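First comes the structure, then the notes that go with it.
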Amino acid sequence: MYIVLAAPTRSGETSDDSVAQLQPADSSFSPAGDAVVVNANQLPEAVRRFEAEGVRWVWEETRAWYPSLLDQGVTIERCHDVSLSREILRHSLFSAHTPYSSGLGNHPDDADDPALPRQLPPAAPSPLQGSLFEADSGPAGPGCAEVLEEFAGQQHAAANSSHPQRLALLLAAESAGALLAAEMEAAGIPWRADVHEQLLVSQLGPRPREGLRPVELERLAGDLRDALDNPRFNPDSPQELLRALHRAGIEVSTTRSWELERQEHPAIEPLLKYKKLSRLLTANGWTWLDTWVSDGRFRPEYVVGGVVSGRWASRGGGALQIPKQIRDAVRPDPGYAFIVADAAQLEPRVLAALGQDSALATAARGLDLYQGIADQGFGDRAKAKIAMLGAMYGATTGESGRLMPQLARTYPQAIGVVESAARTGEAGGVVSSYLGRGCPPASERWLATQRTSTAEEQRRADNIARSRGRFTRNFVVQATAAEWALCWLAELRRRLRQIAVSSPGAELVFFLHDEVMLHVPEAMVTEVSRMVTEAAVAATRLMFGDIPIEFTVNLMVVDSYALAK
DNA sequence: ACGAAAAACCTA
DNA sequence: ATGCTAGGTTTTTCGT
């Protein structure tokens with residue numbers, strides 16, 4: 001049984017304060033029974049009542065409904081997010097021939113050009129907010145009939161695709177991810193502002209007045225001016241800094257730290273220290289703390305489907321780039337601990353599965369896949385790692401490039417997968433993840449670059465083609481790894497919900513590509529740790545069935561994020 | 001004066 | 001070992 005939740009359509013039974021319509025539907029996606037129209041006060045109880053019957057919710061956008069339900073203490077088990085499913089089906093090769101997918105249009109345009117920077121769309125307005133704050137215009141968004149019709153089209157597209165089970169799993173996993181994202185946003189990452197502040201004070205000095213440098217930065221700026229014998233320049237300006245360095249005889253072409261590190265000059269040491277501390281101040285200093293941390297929680301926003309590969313993006317506070325430098329501020333509440341777990345070498349393991357490469361699967365048998373490759377006669381571990389990463393990223397030169405032929409001979413099946421993806425991309429084609437997420441098509445602009453006449457233009461065109469090849473090469477691995485991670489999350493979420501009634505309190509609070517953090521009552525640490533491991537086994541089975549490849553999970557119980565890894 | 005782009009550095 | 005994938009944020013710089 002499905003319940004469609006959407007904005008109410010104007011009719012006799014709706015009143016001015018109606019915010020939602022709940023429409024039951026049966027397994028053939030037809031309306032079953034009367035729709036219920038509710039106002040904001042009635043919505044939580046109505047949802048709770050249906051949820052107790054074990055329904056699956058269908059709505060245009062999880063973001064629009066779930067956060068406010070969570071605020072009111074309502075959680076749900078399963079949903080189908082129509083908008084996220086739409087974007088998957090728009091690009092999926094599996095369903096391209098179905099009426100629904102072909103009707104969406106999948107026209108290559110420059111917005112889909114991976115060479116162009118992507119910008120995230122602004123957060124969608126919630127229909128609930130619309131009704132609460134805009135008296136004259138009622139709740140926005142499509143009504144139940146439209147949502148149900150599109151849902152039916154999506155189900156038909158998945159069922160009639162070339163891989164019905166895989167695509168259905170992908171849509172379910174993406175929707176589960178949307179629920180979890182909202183739940184993690186509601187939970188927030190436990191953050192000790194006092195510990196963070198202590199870190200800042202010990203490295204930068206006391207918080208300065210607005211517009212002034214902290215004492216330690218001021219001191220280093222002074223040292224730098226002395227060392228360069230240059231009394232007045234702004235070290236925060238790359239242009240001025242570069243000119244000052246040149247005037248002191250330091251020949252660098254940029255002010256990047258790794259280029260500066262190679263220079264011998266008394267100014268380099270204070271400069272590198274200055275850049276390091278300046279970064280801490282501007283990216284994660286007092287302003288950041290004021291802006292993003294409140295009530296002991298850092299609350300970023302997750303953008304499910306925000307990355308073409310299916311990884312999540314985030315908005316606000318740089319949640320996916322918390323520097324190691326400040327992770328000590330991430331501390332559990334009293335009586336709680338963190339479980340931090342990550343999938344060990346997820347991408348090469350995924351590649352072994354994609355290529356059904358038994359030699360690589362054997363190397364992945366142990367905890368350390370790169371050591372496994374080394375043990376199969378590939379030299380040392382470092383070499384094995386560089387070669388493998390090069391294969392997945394498309395390295396052509398240097399040590400990584402030189403190791404490629406040997407790697408291709410040792411693991412022909414696995415390397416064949418990425419090589420084939422690269423050739424498809426170079427030719428302007430599209431590639432697919434294991435569960436059916438398609439990469440964006442080549443844009444008109446891209447195709448135009450390939451139609452050339454002169455030799456000079458041809459060289460440029462080849463460069464552009466190889467760049468797309470690297471993108472599609474990496475896409476098949478990164479997108480499939482993202483799917484595994486999503487299945488892992490969904491399995492873990494399901495297990496946590498099973499025990500939540502009798503022993504509540506364990507929450508997922510952070511997710512980063514192949515890593516999760518849970519905030520767990522100390523008494524539950526053992527039980528939840530087992531669930532994290534079991535969820536990984538279940539995710540592997542769910543995606544790939546019974547395959548001889550292990551997806552190892554590294555797990556640590558810590559009382560500071562700084563102690564993980 | 002304002003907004004886009006670039007530079008820099010952080011993450012997996 | 002910064003040559004190779006995907007992102008976000010801040011500040012400075014540049015263009016209108």
Side-chain angles (χ1 to χ4, degrees), chain A residues 114-120 234-242 252-262 271-272 274-285 287-288 291-292 300-303 305-327 342-348 350-351 382-383 385-404 418 421-422 425 431 439-440 463 466-482 485 510-516 554 561 564-565:
Chain A
L116 295 172
R118 285 168 59 77
Q119 58 176 3
L120 297 170
N234 175 13
D236 294 322
S237 160
Q239 285 186 344
E240 285 186 43
L241 177 58
L242 198 58
V252 285
S253 53
T254 71
T255 62
R256 289 189 181 94
S257 292
W258 62 265
E259 191 175 350
L260 293 169
E261 272 163 20
R262 294 197 292 247
L271 176 53
L272 290 173
Y274 182 91
K275 286 170 75 78
K276 184 98 181 143
L277 288 182
S278 172
R279 167 79 190 179
L280 173 64
L281 175 68
T282 56
N284 297 102
T287 309
W288 182 91
T291 310
W292 300 112
E301 187 182 324
Y302 294 96
V303 187
V307 182
V308 288
S309 66
R311 280 182 170 184
W312 293 5
S314 80
R315 210 162 11 205
L320 305 188
Q321 22 170 154
I322 302 171
K324 300 211 158 78
Q325 224 177 346
I326 58 159
R327 291 188 180 183
D342 70 80
Q345 303 113 18
L346 178 56
E347 295 192 351
V350 157
L351 183 54
K383 208 174 203 174
K385 183 175 178 177
I386 284 176
M388 202 67 222
L389 291 175
M392 292 184 298
Y393 289 156
T396 50
T397 59
E399 183 179 2
S400 188
R402 266 180 278 121
L403 291 168
M404 281 293 291
V418 281
V431 296
C439 78
N463 260 332
R466 276 193 295 273
S467 172
R468 181 172 169 85
R470 285 194 298 275
F471 168 67
T472 51
R473 168 197 293 270
N474 186 251
F475 181 93
V476 294
V477 179
Q478 188 182 113
T480 306
F510 188 53
F511 169 53
L512 179 54
H513 308 325
D514 63 359
E515 172 184 338
V516 296
N554 292 320
Y561 189 28
K565 284 198 281 192

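Everything quoted here is computed from the prediction, not taken from an experiment. What you see below is based on every heavy atom in this structure, not just the backbone, and it leaves out hydrogens, waters and symmetry mates. Chain A is the first sequence line, chain B the second, and so forth, proteins listed ahead of strands; every chain is numbered from 1.
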What is the distance from [atom1] of [X] to [atom2] of [N], rounded to the nearest Å?
{"X": "A/Arg327", "N": "B/dC10", "atom1": "CZ", "atom2": "P", "result": "12 Å"}
{"X": "A/His513", "N": "B/dC10", "atom1": "NE2", "atom2": "P", "result": "16 Å"}
{"X": "A/Leu242", "N": "B/dA8", "atom1": "CG", "atom2": "C1'", "result": "13 Å"}
{"X": "A/Leu280", "N": "B/dC10", "atom1": "CG", "atom2": "C1'", "result": "12 Å"}
{"X": "A/Phe471", "N": "C/dG7", "atom1": "CZ", "atom2": "P", "result": "7 Å"}
{"X": "A/Gln478", "N": "B/dT11", "atom1": "CD", "atom2": "C1'", "result": "12 Å"}
{"X": "A/Arg311", "N": "C/dT5", "atom1": "CZ", "atom2": "P", "result": "13 Å"}
{"X": "A/Leu512", "N": "C/dA6", "atom1": "CG", "atom2": "C1'", "result": "12 Å"}

Touch class at under 4.0 angstrom, heavy-atom based, for [X] against every strand present:
{"X": "A/Asp236", "answer": "sugar-phosphate"}
{"X": "A/Ile322", "answer": "sugar-phosphate"}
{"X": "A/Gly316", "answer": "sugar-phosphate"}

I would like to know whether A/Glu347 and A/Arg311 meet salt bridge (charged side-chain N to carboxylate O under 4.0 Å, His left out); could you show each step before the answer?
CA-CA 13 Å; A/Glu347 295 192 351; A/Arg311 280 182 170 184; 3.4 Å; yes

Confirm from the modelled atom types if A/Arg470 and C/dC4 form a donor-acceptor pair under 3.5 Å, side chain to base only.
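There is none.
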
Indicate whether OP1 or OP2 belonging to [N] is found under 4.0 Å from a side-chain N or O atom of [X].
{"X": "A/Lys275", "N": "B/dA8", "result": "no"}
{"X": "A/Lys385", "N": "C/dA1", "result": "no"}
{"X": "A/Lys276", "N": "B/dC10", "result": "yes"}

Per [X] side chain, nearest of listed nucleotides [options]:
{"X": "A/Thr282", "options": "C/dT11, C/dA6, B/dT11", "answer": "C/dT11"}
{"X": "A/Arg279", "options": "C/dA6, C/dT5, B/dC9", "answer": "B/dC9"}
{"X": "A/Pro238", "options": "C/dT5, B/dA8, C/dA1", "answer": "B/dA8"}
{"X": "A/Ala395", "options": "C/dC4, C/dG8, C/dT12", "answer": "C/dC4"}
{"X": "A/Ser237", "options": "C/dT10, C/dT5, C/dT12", "answer": "C/dT12"}

Side-chain contact, heavy-atom cut-off 4.5 Å: [X] with [Y]?
{"X": "A/Phe471", "Y": "A/Val308", "answer": "yes"}
{"X": "A/Gln345", "Y": "A/Lys385", "answer": "no"}
{"X": "A/Leu403", "Y": "A/Lys383", "answer": "yes"}
{"X": "A/Pro348", "Y": "A/Met392", "answer": "yes"}

Taking side-chain hydrogen bond (donor to acceptor under 3.5 Å, both in side chains) as the definition, give me every residue that meets it alongside [X], ordered by chain and number, with sequence neighbours left out.
{"X": "A/Arg466", "result": "A/Asn463"}
{"X": "A/Thr291", "result": "none"}
{"X": "A/Ser237", "result": "none"}

In whole Å, what separates the C1' atom of C/dT2 from that of B/dA7?
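The same atom, C1', in both gives a distance of 15 Å.
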
Reading DNA chain C from 5' onward, which residue's closest nucleotide shows up sooner: A/Gly317 or A/Ser309?
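Final value for this comparison: A/Ser309.
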
Angle between ring planes, A/Phe510 versus A/Tyr302, binned at 30° and 60°: parallel, tilted or perpendicular?
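Because their plane-to-plane angle lies in the 30° to 60° range, the rings of A/Phe510 and A/Tyr302 count as tilted.
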
Side chains of A/Glu301 and A/Ser314 only: does a donor on one sit below 3.5 Å from an acceptor on the other?
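Side-chain D/A pair, A/Glu301 to A/Ser314: absent.
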
Strand contacts (DNA chain B) in residues 253-261 of chain A, 4.0 angstrom heavy-atom criterion:
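Close to the strand are A/Thr254, A/Thr255, A/Arg256, A/Ser257.
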
Could you note down all residue pairs passing side chain to side chain donor-acceptor pair (under 3.5 Å) where residues 470-480 of chain A supplies at least one of them, sequence neighbours left out?
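The answer is A/Ser309-A/Gln478, A/Glu419-A/Arg473, A/Asn474-A/Gln478.
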
Heteroatom pairs (N/O) under 3.5 angstrom, protein to nucleotides 14-16 of chain C:
{"from": "C/dC14", "atom 1": "OP1", "to": "A/Gln239", "atom 2": "NE2", "distance (Å)": "3.0"}

